[in-house]
Amino acid sequence: QVQLVESGGGSVQTGGSLRLSCAASSNILSTDAMGWYRRAPGKQRELVASITSGETTNYAPSVKGRFTISRDNAQNTVILQMSSLKPEDTAVYYCNFRRLLVRPIDYWGQGTQVTVSS
């Protein structure tokens, strides 16, 4: 089973930056879709950003222009570069890989805490 390991979380002040990385234990396929989700206190898990096999990206309106998602298939990694962080970005961030089979399979990381203080 594919294991996803996230790194790069931590605590920063408003306006700071963090770079989240998620590495898969096995090779990323060119057809895999990848994304980052987050769950803030008192809220449901939401999609932050995603990137398809064709490099098409999608961002939540609240992060567009501040966050950038990218992928490195050779290193089995998906990156979320976060800038201009706000307190409302505080959440546990989860990496997701979707393997596109006849019935897609989703793989999830354990989550990494991001805390933004004012």
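Side chains included, hydrogens not; waters and symmetry mates left out as well; all remaining heavy atoms used. Note that the structure is a prediction, hence the values are computed from the model and not measured.
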- Hey, mind stepping through Cys22 and Trp36 against side chain to side chain contact (heavy atoms under 4.5 Å, CB included) and telling me if it holds? CA-CA 9 Å; Cys22 176; Trp36 287 92; 3.7 Å; yes
So [Y] and [X], do their side chains get closer than 4.5 Å, heavy atoms only?
X: Tyr107; Y: Arg99; result: yes
X: Leu4; Y: Tyr94; result: no
X: Arg38; Y: Glu46; result: yes
X: Leu85; Y: Phe67; result: yes
X: Ile69; Y: Val78; result: yes
X: Ser53; Y: Asp32; result: no
X: Met82; Y: Val48; result: no
X: Gln81; Y: Leu18; result: no

Backbone of [Y] reached by a side-chain donor or acceptor of [X] within 3.5 Å:
X: Glu6; Y: Cys95; value: yes
X: Ser83; Y: Ser17; value: no
X: Thr115; Y: Ser11; value: no

- Would you check if there is a donor-acceptor pair between the side chains of Asn73 and Arg71 at a distance under 3.5 Å?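 Yes, Asn73 and Arg71 have a side-chain donor paired with an acceptor closer than 3.5 Å.
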- Item | Partner set under side-chain contact (heavy atoms from CB on, under 4.5 Å) for Gln75, not counting sequence neighbours |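 Only Asp72, Thr77 meet the side-chain contact (heavy atoms from CB on, under 4.5 Å) criterion with Gln75.
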- Query: So does Gln13 have more than 12 non-hydrogen atoms from other groups sitting under 6.0 Å from CD?
  - Reply: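 Atom CD in Gln13 is not crowded, with 12 or fewer foreign heavy atoms closer than 6.0 Å.
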- Query: Would the number of heavy atoms belonging to other residues, nucleotides or ligands and lying under 6.0 Å from CD of Gln110 be above 12?
  - Reply: no
Taking [Y] as the starting point, is it possible to reach [X] by hopping between hydrophobic residues whose side chains are less than 4.5 Å apart?
X: Tyr93; Y: Ile51; value: yes
X: Val2; Y: Ile79; value: no
X: Phe97; Y: Tyr59; value: yes

- Query: side chain to side chain contact (heavy atoms under 4.5 Å, CB included) with Val114: which of Leu80, Leu20, Val92?
  - Reply: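 Exactly one candidate clears the test, Leu20.
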- Query: Nearest 0.5 Å, what's the CE-CG distance between Met34 and Asn96?
  - Reply: 10.5 Å
- Row check, Trp108 ring normal vs Arg45 NZ/CZ: under 6.0 Å, within 45°: yes
